[in-house]
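Only a predicted model underlies this, so the values are computations on that prediction, with no experimental measurement involved.
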Amino acid sequence: MTETKNNNGLKVLTALLGVVLLGTIIYTVSLYQDKKKTEGVLTKEKELVVEDLNSLKSEYDKAILESNATNEELVSARDNIAKYIDSVKTMKADIGSLSRYRRQVGVLKAEREQLLKQVDSLTRSNTAIAMQRDSTYVELEKQTVFNDSLVVQNTNLAQVVEKGSALNLSKFNVDAVKERNSGKLVSTQRAKATDKFKICFTVADNVIAQAGDREFFLEVLDPQGNVLGGSNSMTNDNGASITYSKQTGFYYENKSLDVCDYISKPSGDFKDGNYMVNVYDDQLKLLGTSKFMLK
């Protein structure tokens, strides 16, 4: 009887142990499944965080490429995001860490919006400056063309004024003369009788010419082409030069003016033949030429 009771107790105990073991197994399996499920969720969350960070980094890359000049703030923000990506990839996923990175992604997105607004504002400002610069360049080009045109006009006007203000001769005459004992001069065509050449010219009136002392240069060429008394020379601003016989001065007052001067005979008598007399102004412009013959 007692043995039968003991057997029944063992059976009950065995059954209870089996139930407990079965419950433990079921609970363990349930915990394992919950763990796997949690790990899967955390892994998915981790991937989403990395995806958001990569998206932010791509937007910064695009903004940097579109920027005309390297923006240090954009580059720094992009590099920081790259560091966050590396940190998330290598971290052990847990709810606390992922929550912290989720919050950081939100902060980074807000920072991105602010930086992109600044870049956009700077881009618009640079565009406006570039347009203003181009407009200013166009205006400068127009002004340069206008100034060049004025320079040409002024140069042409100066040349016209210079030409218009130059003195000219309205009359020019050369006479071989003999001086009598009384001092009176009489014309002659005989070489041996000639004492000097009387050179007279009339300077025409010119209202735009500069009044004041003026100098003309007389060049007398003998029959052999030699300059009588040719020991003096004159060179103008352009490098042209002449050898002249005499320099004659006068005061010009913008009115018609008669001027006479004399070339005395050299040592000995004048030679017979053809002579030529040239008159030059102070810029060595030839104003008149006269030819005559002595017998």
Test salt bridge (Lys or Arg N to Asp or Glu O under 4.0 Å) applied to D281 - qualifying residues, sequence neighbours left out: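 Expected list: none.
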
Only counting residues at least two apart or in another chain, list the ones meeting salt bridge (Lys or Arg N to Asp or Glu O under 4.0 Å) with D195. K265

Can you see which heavy atom on [X] is nearest to which on [Y], and at what distance?
X	Y	result
Q283	N236	O-ND2, 3.2 Å
Y252	N206	OH-N, 2.8 Å
F197	L228	CE1-CD1, 4.0 Å
N254	A209	ND2-O, 2.7 Å
A193	T188	CB-OG1, 3.8 Å
A211	E253	CB-CA, 4.3 Å

Do F217 and Y244 make the cut of ring centroids closer than 6.0 angstrom? yes

Under a 4.5 Å cut-off applied to non-hydrogen side-chain atoms, are [X] and [Y] in contact?
X	Y	result
T202	L169	no
F216	L287	yes
C200	D258	no
Q247	N232	no
L185	K178	no

Hey, what do you get for OG1 (T194) to NZ (K295), rounding to the nearest 0.5 Å?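 If I round to the nearest 0.5 Å, the distance is 12.0 Å.
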
Donor-acceptor pair, distance only, cut-off 3.5 Å: does the side chain of S233 make one with the backbone of T243? no

Can you confirm whether [X] is buried at [atom1], in the sense that more than 12 heavy atoms of other residues, nucleotides or ligands lie under 6.0 Å from that atom?
X	atom1	value
Q224	CD	yes
Q189	CD	no
K198	NZ	no

Is K196 positioned over the aromatic face of Y262, cation under 6.0 angstrom from the ring centre and no more than 45 degrees off axis? yes

N/O donor-acceptor pairs under 3.5 Å from side chains in residues 272-279, not counting sequence neighbours:
unit_1: Y275; atom_1: OH; unit_2: K271; atom_2: N; d: 3.0
unit_1: Y275; atom_1: OH; unit_2: K271; atom_2: O; d: 2.5
unit_1: N278; atom_1: OD1; unit_2: T289; atom_2: OG1; d: 2.8
unit_1: N278; atom_1: ND2; unit_2: E219; atom_2: OE1; d: 2.8

Just to verify, which of V203, L257, D282, D205 counts as forming a side-chain contact (heavy atoms from CB on, under 4.5 Å) with L167? V203

